[in-house]
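No hydrogens, no waters, no symmetry mates; every other heavy atom, side chains included, goes into these values. Note that this is a predicted model, so its numbers are computed, not measured. Numbering of residues begins at 1 and proceeds along the displayed sequence.
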Amino acid sequence: MPLWPVYTGTNAPHDGIERLPPPPPWRAFDGGPLLDPPDATADRSAVSPDRVHRAETYRATEDTVQLVNAALYLRRPLLVTGPPGTGKSSLVYAVARELRLGPVLRWNITSRSTLHDGLYSYDPLSRLYAARQQAAHQAAPQETAPEETGLPETGPETPDETGIEHHLRLGPLGTALLPYARPRALLIDEIDKSDLDLPNDLLNVLEEGQYQIPELVRAARLSPDGTARVPADGTGEAVPVVRGQVRCRAFPFVVLTSNGEREFPPAFLRRCVTLRLRRPDDRHLADIVRAHLGEPDSYAQELIGRFLDRTSAGDLATDQLLNAIYLARTSNLDSGSLDRLAEQLMPHLGQGAGTDVF
């Protein structure tokens with residue numbers, strides 16, 4: 001029997017994702033051919049020390065655990081909102097580590113981001129160059145030396161790179177929707193920075209769990225089995241795409257973060273599970289400090305108190321507090337200098353902040 005919760009927030013890795021019950025009938029997907037998920041170390045950028053540290057030190061609240069599990073059970077994206085520095089983007093790394101979901105795929109949103117960017121990229125110029133190179137080699141006399149033609153040396157084993165799949169690469173969203181046996185973890189970071197159309201453009205892809213690559217659909221007519229092998233995001237592993245169609249098997253664990261700078265369409269919101277992170281209280285802050293820097297000493301406790309007092313006058317981020325405590329432990333400054341430094345490290349964020357008296 002499946003057990004709630006699958007994600008526990010304890011940071012102890014386990015295979016609980018295999019205990020998920022079948023999805024609701026309206027969220028069942030049958031993509032193929034089935035792919036094994038990549039090893040957690042397959043993407044070097046995903047196992048960089050900073051990201052590993054964020055995953056290991058994340059401290060989830062009870063609400064966070066409940067709503068992460070709701071998103072996993074319902075196969076729905078998780079929209080995470082909250083003040084700066086509350087751990088919105090760190091959450092996906094913690095979940096991926098605990099549930100062994102492999103390297104986290106990351107899509108950083110800007111005002112110019114489009115749905116196409118997240119799904120795949122195609123470089124027609126590199127394909128044109130490869131085709132010209134291939135034609136030049138075929139036209140060159142067999143007895144002519146490569147240095148005389150100015151072309152790279154080739155032989156019978158030289159691969160033909162004129163095929164369209166050699167000039168395509170799946171994006172983070174496109175990779176997450178591949179038919180993996182386990183869900184992939186995908187971070188769509190700062191969705192509120194996007195163009196107004198992007199949330200609506202995401203609706204159909206996230207609802208259907210599939211997308212099409214038109215360039216491969218056309219190319220499939222000339223292929224015996226219609227299968228192309230395209231590099232995936234992150235690992236670069238070539239994965240099969242049949243007749244230009246990609247459909248997931250296990251719906252990915254998708255986390256979209258927002259700083260609350262804009263409102264989203266109701267149609268978008270109803271397709272997401274929404275988690276609103278609050279500013280941490282004193283006990284939660286102490287847990288966060290303990291996870292990152294060890295047991296808080298008396299001065300760290302004093303800084304926690306000052307930090308909480310000042311949040312009533314304006315936004316502060318938890319990493320500002322961590323920076324101040326770290327320097328207090330390592331700088332060997334006197335108490336007066338530490339107080340002045342802490343004040344400089346913890347200014348209120350945003351234009352509407354109140355007084356910065358420390």
Within this structure, what is the [atom1]-[atom2] distance for the pair [X] and [Y], rounded to the nearest 0.5 Å?
X	Y	atom1	atom2	answer
Arg276	Asp63	CZ	CG	11.5 Å
Met346	Leu341	CE	CG	9.5 Å
Ser111	Leu198	OG	CG	11.0 Å
Ile191	Thr257	CD1	OG1	8.5 Å
Leu168	Arg229	CG	CZ	14.5 Å
Arg169	Asp233	CZ	CG	6.5 Å

Locate the shortest heavy-atom distance separating [X] from [Y]; write the atom from each residue and the value.
X	Y	answer
Glu98	Gly9	OE1-N, 3.1 Å
Thr227	Pro240	CG2-CB, 3.9 Å
Tyr58	Ala94	CB-CB, 3.6 Å
Ala328	Leu338	CA-CD2, 3.6 Å
Pro199	Arg262	CG-NH2, 3.8 Å
Val6	Arg19	CA-NH2, 4.4 Å

May I ask whether [X] and [Y] are part of the same hydrophobic cluster, defined by side-chain heavy atoms of I, L, V, M, F, W, Y residues being less than 4.5 angstrom apart, directly or through others?
X	Y	value
Leu277	Leu187	yes
Val242	Val239	no
Val205	Leu269	yes

State whether the side chain of [X] and the backbone N or O of [Y] hold a donor-acceptor pair below 3.5 Å, judged by distance alone.
X	Y	answer
Asp281	His284	yes
Gln320	Pro347	yes
Ser113	Thr110	yes
Lys88	Leu79	no
Arg271	Ala267	yes
Arg310	His348	no
His292	Tyr326	no
Tyr211	Gly174	yes
Arg76	Val273	no
Asn11	Glu56	yes

| field | salt bridge (Lys or Arg N to Asp or Glu O under 4.0 Å) assessment of Arg182 paired with Glu18 | value | CA-CA 8 Å; Arg182 282 190 175 198; Glu18 297 176 356; 2.7 Å; yes
Answer yes or no: is there a side-chain heavy-atom contact under 4.5 Å between [X] and [Y]?
X	Y	result
Leu216	Arg243	no
Asn323	Leu327	no
Thr64	Leu67	no
Asp201	Asp195	no
Trp4	Gln66	yes
Val246	Leu119	no
Val289	Leu322	yes
Ile109	Leu256	no

| field | Pair Arg279 + Asp315: basic N to acidic O under 4.0 Å | value |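 Looking at Arg279 and Asp315, the cut-off is met.
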| salt_bridge(Arg306, Asp339) N-O dist < 4.0 Å |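 Yes, this pair counts.
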| Could you walk me through whether Cys272 and Phe264 pass the side-chain contact (heavy atoms from CB on, under 4.5 Å) check? | CA-CA 11 Å; Cys272 298; Phe264 296 104; over 6 Å; no
| With respect to Leu115, which candidate in Leu202, Asn204, Asp197 satisfies the side chain to side chain contact (heavy atoms under 4.5 Å, CB included) definition? |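 That would be Leu202; it is the only one of Leu202, Asn204, Asp197 passing the side chain to side chain contact (heavy atoms under 4.5 Å, CB included) with Leu115.
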| field | Of Thr318, Thr57, Leu293, Leu321, the residue whose pairing with Ile288 passes side chain to side chain contact (heavy atoms under 4.5 Å, CB included) | value |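 Exactly one pass, corresponding to Thr318.
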Tell me which donor-acceptor pairs under 3.5 Å the side chains of residues 27-40 have, and how far apart each pair is, sequence neighbours excluded?
{"from": "Arg27", "atom 1": "NE", "to": "Arg75", "atom 2": "O", "distance (Å)": "3.0"}
{"from": "Arg27", "atom 1": "NH1", "to": "Glu207", "atom 2": "O", "distance (Å)": "2.8"}
{"from": "Arg27", "atom 1": "NH2", "to": "Arg75", "atom 2": "O", "distance (Å)": "2.7"}
{"from": "Arg27", "atom 1": "NH2", "to": "Leu206", "atom 2": "O", "distance (Å)": "3.2"}
{"from": "Asp30", "atom 1": "OD1", "to": "Arg247", "atom 2": "NE", "distance (Å)": "2.7"}
{"from": "Asp39", "atom 1": "OD2", "to": "Thr41", "atom 2": "N", "distance (Å)": "2.9"}
{"from": "Asp39", "atom 1": "OD2", "to": "Thr41", "atom 2": "OG1", "distance (Å)": "2.5"}

| query | ring pair (Phe, Tyr, Trp, His ring centres under 6.0 Å): which pairs involve residues 222-248, sequence neighbours left out? | reply |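 Qualifying pairs, neighbours excluded: none.
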| message | Counting neighbours of CD on Glu261 that are heavy atoms of other residues, nucleotides or ligands and sit closer than 6.0 Å, is the number greater than 12? | response |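 Check passes, neighbour count above 12.
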| Glu295 atom CD: more than 12 heavy-atom contacts under 6.0 Å |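 More than 12 heavy atoms, drawn from other residues, nucleotides or ligands, come within 6.0 Å of this atom.
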| query | Hey, are Arg106 and Ser89 close enough side-chain-wise for a donor-acceptor pair under 3.5 Å? | reply |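 No pair is found: no donor N or O on one side chain lies under 3.5 Å from an acceptor on the other.
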| field | Candidate pair Leu91 and Tyr7, rule side-chain contact (heavy atoms from CB on, under 4.5 Å), full reasoning | value | CA-CA 11 Å; Leu91 171 60; Tyr7 170 65; 4.3 Å; yes
| request: Could you give me the CA-CA distance, side-chain angles and deciding distance for Phe307 and Ile325, then say whether side-chain contact (heavy atoms from CB on, under 4.5 Å) is met? | output: CA-CA 11 Å; Phe307 179 87; Ile325 294 176; over 6 Å; no
| Intermediate values then yes/no, side-chain contact (heavy atoms from CB on, under 4.5 Å), Ile213 and Val230 | CA-CA 11 Å; Ile213 303 177; Val230 182; 5.5 Å; no
